[in-house]
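To start, the structure itself, in structure tokens.
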Amino acid sequence: MGMTERETWARLERKIEELGLAMEKMKLAEYVELLRKPTRLLYLNFLAGIARGFGMAIGFALLGALLIYILRRLAILNLPLIGSFIAELVKIVQTQLQIRP
């Protein structure tokens with residue numbers, strides 16, 4: 001019923017190998033190395049921030065264009081209450097777009 005010393009060492013060796021594999025999967029060594037080089041960490045975070053900001057700008061532009069398109073379609077329908085408001089809003093946006101070079 002009791003484990004022999006050899007079985008205990010074999011089981012311990014397997015557990016250590018499993019732990020090593022788990023640490024490799026977590027990329028713990030790369031993370032520790034990144035923490036040792038704060039300039040690289042700042043550089044990578046800076047690039048991630050630029051990419052995130054660029055993505056937000058593209059997304060906002062696409063959503064804005066879609067909103068203007070929908071508003072123009074609603075203005076064409078001549079809805080009694082909001083039709084004139086939407087038409088005025090679209091005119092303002094188009095005027096602003098034409099003023100810019």
Side-chain angles (χ1 to χ4, degrees):
M1 290 197 194
M3 290 184 154
T4 65
E5 190 173 327
R6 184 179 299 237
E7 290 172 339
T8 304
W9 281 108
R11 186 173 179 201
L12 184 60
E13 188 177 332
R14 278 195 311 272
K15 289 293 182 182
I16 291 173
E17 286 176 10
E18 289 174 11
L19 181 62
L21 287 173
M23 288 175 70
E24 283 181 26
K25 286 181 184 177
M26 289 187 331
K27 300 186 183 236
L28 188 62
E30 287 88 355
Y31 179 69
V32 170
E33 187 64 31
L34 190 61
L35 289 177
R36 288 184 185 170
K37 297 178 180 177
T39 55
R40 178 150 170 81
L41 182 62
L42 287 173
Y43 175 71
L44 290 175
N45 282 330
F46 178 72
L47 287 180
I50 288 175
R52 192 173 299 120
F54 186 67
M56 282 187 211
I58 296 277
F60 182 72
L62 290 175
L63 285 177
L66 181 64
L67 181 67
I68 295 295
Y69 177 77
I70 291 171
L71 288 176
R72 289 181 72 192
R73 289 292 180 179
L74 286 175
I76 291 172
L77 293 176
N78 275 339
L79 299 175
L81 294 177
I82 61 173
S84 60
F85 172 73
I86 293 172
E88 187 65 31
L89 187 63
V90 168
K91 285 179 190 176
I92 292 170
V93 170
Q94 287 178 344
T95 304
Q96 289 296 322
L97 289 176
Q98 290 174 359
I99 292 174
R100 295 184 183 178

Would you say Met23 and Ile16 are hydrophobically clustered, going by side-chain heavy atoms of ILVMFWY under 4.5 Å?
no
Assess whether a salt bridge exists between Glu33 and Lys37, defined as any Lys/Arg side-chain N lying under 4.0 Å from an Asp/Glu carboxylate O.
yes
Which distance, rounded to the nearest 0.5 Å, do you find between the CD of Gln98 and the CD of Gln96?
10.0 Å
How would you list, by chain and number, every residue that makes a salt bridge (charged side-chain N to carboxylate O under 4.0 Å, His left out) with Glu24, sequence neighbours excluded?
none
Does CD in Glu5 sit with more than 12 non-hydrogen atoms of other residues, nucleotides or ligands closer than 6.0 Å?
no
Tyr43: which of Leu47, Leu41, Asn45, Thr39 passes side-chain contact (heavy atoms from CB on, under 4.5 Å)
Leu47
Side-chain donor-acceptor pairs of residues 59-74 under 3.5 Å, sequence neighbours excluded:
{"residue": "Tyr69", "atom": "OH", "partner": "Arg73", "partner atom": "NE", "Å": "3.2"}
{"residue": "Tyr69", "atom": "OH", "partner": "Arg73", "partner atom": "NH2", "Å": "3.2"}

Separation between CG of Leu35 and CZ of Arg40, rounded to the nearest 0.5 Å:
12.5 Å
Among residues at least two apart in sequence or on other chains, which ones pass salt bridge (charged side-chain N to carboxylate O under 4.0 Å, His left out) with Lys91?
none
Measuring from atom CD1 of Ile58 to atom CE of Met56, what distance do you get when rounded to the nearest 0.5 angstrom?
13.0 Å
